[in-house]
2 protein chains.
Amino acid sequence: MRLNRLTDYAVVMLAHIGRPGRESGPEAGGRRVVTAAEMAADSGVPLPTVAKLMKLLAQAGILASQRGALGGYRLARAPERITMAEIIAALEGPIALTACVDGREGDCEVESLCPMRGNWDKVNRAVRQALDAVTLADMSLEPQRFPPVAAAAAARPVAQAS
Amino acid sequence: MRLNRLTDYAVVMLAHIGRPGRESGPEAGGRRVVTAAEMAADSGVPLPTVAKLMKLLAQAGILASQRGALGGYRLARAPERITMAEIIAALEGPIALTACVDGREGDCEVESLCPMRGNWDKVNRAVRQALDAVTLADMSLEPQRFPPVAAAAAARPVAQAS
DNA sequence: CTTATACGGTACCAAATTAGTCCCCTATTG
DNA sequence: CAATAGGGGACTAATTTGGTACCGTATAAG
Ligand code: SF4
Ligand code: SF4
């Protein structure tokens, strides 16, 4: 139930690209263009790995690439229109918790005598919906200042806790 | 985004245990007791592997074990009160899509300069809720004969759904 | 009390997957 | 033409996963 580290990195980077650039240059109208090298420098992830990720994201239609000098990547769409499900699917293949969902049969060697073939679809669908409901824009927001456990602690009388 | 094969098997077996036994013996009142060897035979999964799974599930309090002759496993609770989230957590550890959720910090080496630490929690929570909403009882039902889209059609008054 | 049954725990190994690297090609700018 | 920057694919090392083996302990039957 843990997703690949690369997928995690990809989301971090996409959020980074999607975030409005510090410098308000001529790119104001369109979306920001960032090179793989920049991403590597900003994120600490090694360049070859970043490059690999970007390629995959571009193939999936999440990033638009521009080759040649002055080239780079930019979001293919507004961050509000890119979902987590999409990103994950781009990097890890279709969201399928088990081998027998998605209609694809024959992947599981015991599926003929398995009395539950169809039931996983419920879970799968629930998860996919959850992942569809979160967009890249949601991930670009400033992280909430209060960690989960501190919810109660933050309500202490001394703290002015919203 | 794929869960372990073992987790899949575990759910299949749990559903199998939870299903009302063909033979209505003295166990009618309590829950059915099944040995690891039986499970292995029924499922095709090799015995040592089954045993390992059962152990884990017993430790997690999902199965109750009875040692000695005539021993075996049975569900610790009614299938309606066992959630997918619980089963998955028992076998794969707490549900945490990335290294920086659940409050556990320091697992990710770049989390200090990652501008999104808290945001994954949203996704994580969404997934966990989705998994909490499905119980073992839901997984024990006969797989629906109709593919997902037929959900509305299945509610027709005319069909007595057999 | 002895024996057969069946779970409990741990250590271990092999296969599969993942993360990361390398190298060369193609496109674009100037 | 030279410099930049992505595209593609093969390759390797590290980690995780799936599966096995062995020995100990509890319990019921006889
Ligand atoms: S057929 Fe059964 S064992 Fe195979 S993937 Fe589906 S649920 Fe799992
Ligand atoms: S801190 Fe950032 S990079 Fe690290 S696990 Fe969390 S989201 Fe991913």
Assign each of A:T7 and A:G68 the nucleotide of DNA chain C bearing its closest heavy atom; nearer the 5' end lies the nucleotide of A:T7
For D:dA5, take OP1 and OP2 only and decide whether either is under 4.0 Å from a side-chain N or O of A:S65.
no
5' priority, DNA chain C, between A:K52 and A:A69 [closest heavy atom]:
A:K52
Which residue lies toward the 5' end of DNA chain D, B:P48 or A:M54, if each is placed at its nearest nucleotide?
A:M54
Check A:M116 against B:A15 and note the closest heavy-atom contact, atom names and distance.
CE-CB, 3.5 Å
Decide yes or no, distance alone: a donor-acceptor N/O pair under 3.5 angstrom between the base of C:dT28 and the side-chain of A:R67.
no
Have a look at A:G71 and say if it touches a base, only the backbone sugar-phosphate, or nothing, with a 4.0 Å heavy-atom cut-off.
sugar-phosphate
Go through the steps for B:L3 and B:M84 under the test side chain to side chain contact (heavy atoms under 4.5 Å, CB included), then give the verdict.
CA-CA 12 Å; B:L3 42 75; B:M84 281 298 113; over 6 Å; no
Determine: side-chain N/O of B:Q59 to OP1/OP2 of C:dG9, distance under 4.0 Å, yes or no.
yes
Rounded to whole Å, please give me the gap between CG in A:L47 and P in C:dA19.
18 Å
Between CG of A:L56 and P of D:dG9 the distance, given in whole Å, is 11 Å
Looking across every strand, which nucleic acid part, if any, lies under 4.0 Å from A:A51 by heavy atom: base, sugar-phosphate, or nothing?
nothing
To the nearest angstrom, how far is B:K55 atom NZ from D:dG24 atom P?
15 Å
Looking at A:R5, I'd like to know whether one of its side-chain N or O atoms comes within less than 4.0 Å of OP1 or OP2 on D:dT15.
no
Looking at the side chain of B:A58, which of D:dG7, C:dG8, D:dG19 is the nearest nucleotide?
C:dG8
Given atom CG of A:L57 and atom C1' of D:dG7, what is their separation to the nearest angstrom?
14 Å
Between A:Y9 (OH) and C:dT18 (C1'), how many Å, whole number?
13 Å
Given atom CD of B:E92 and atom P of D:dT17, what is their separation to the nearest angstrom?
8 Å
Spacing between B:D8 atom CG and D:dG19 atom P, to the nearest angstrom
11 Å
Distance check: side-chain N/O of A:Y73 vs OP1/OP2 of D:dG7, anything under 4.0 Å?
yes
Donor-acceptor under 3.5 Å (B:E92 side chain, B:T7 main chain):
no
Between B:Q66 and D:dA28, is there a contact of a side-chain N or O with OP1 or OP2 at under 4.0 Å?
yes
Quick one: which residue pairs count as a side chain to side chain donor-acceptor pair (under 3.5 Å) with a foot in residues 61-77 of chain B, not counting sequence neighbours?
B:R77-B:E86
Between the main-chain N or O of B:T135 and the side-chain N or O of B:D138, is there a donor-acceptor pair closer than 3.5 Å?
yes
Figure out the CG/P separation between A:L70 and C:dG30, and round it to whole Å.
5 Å
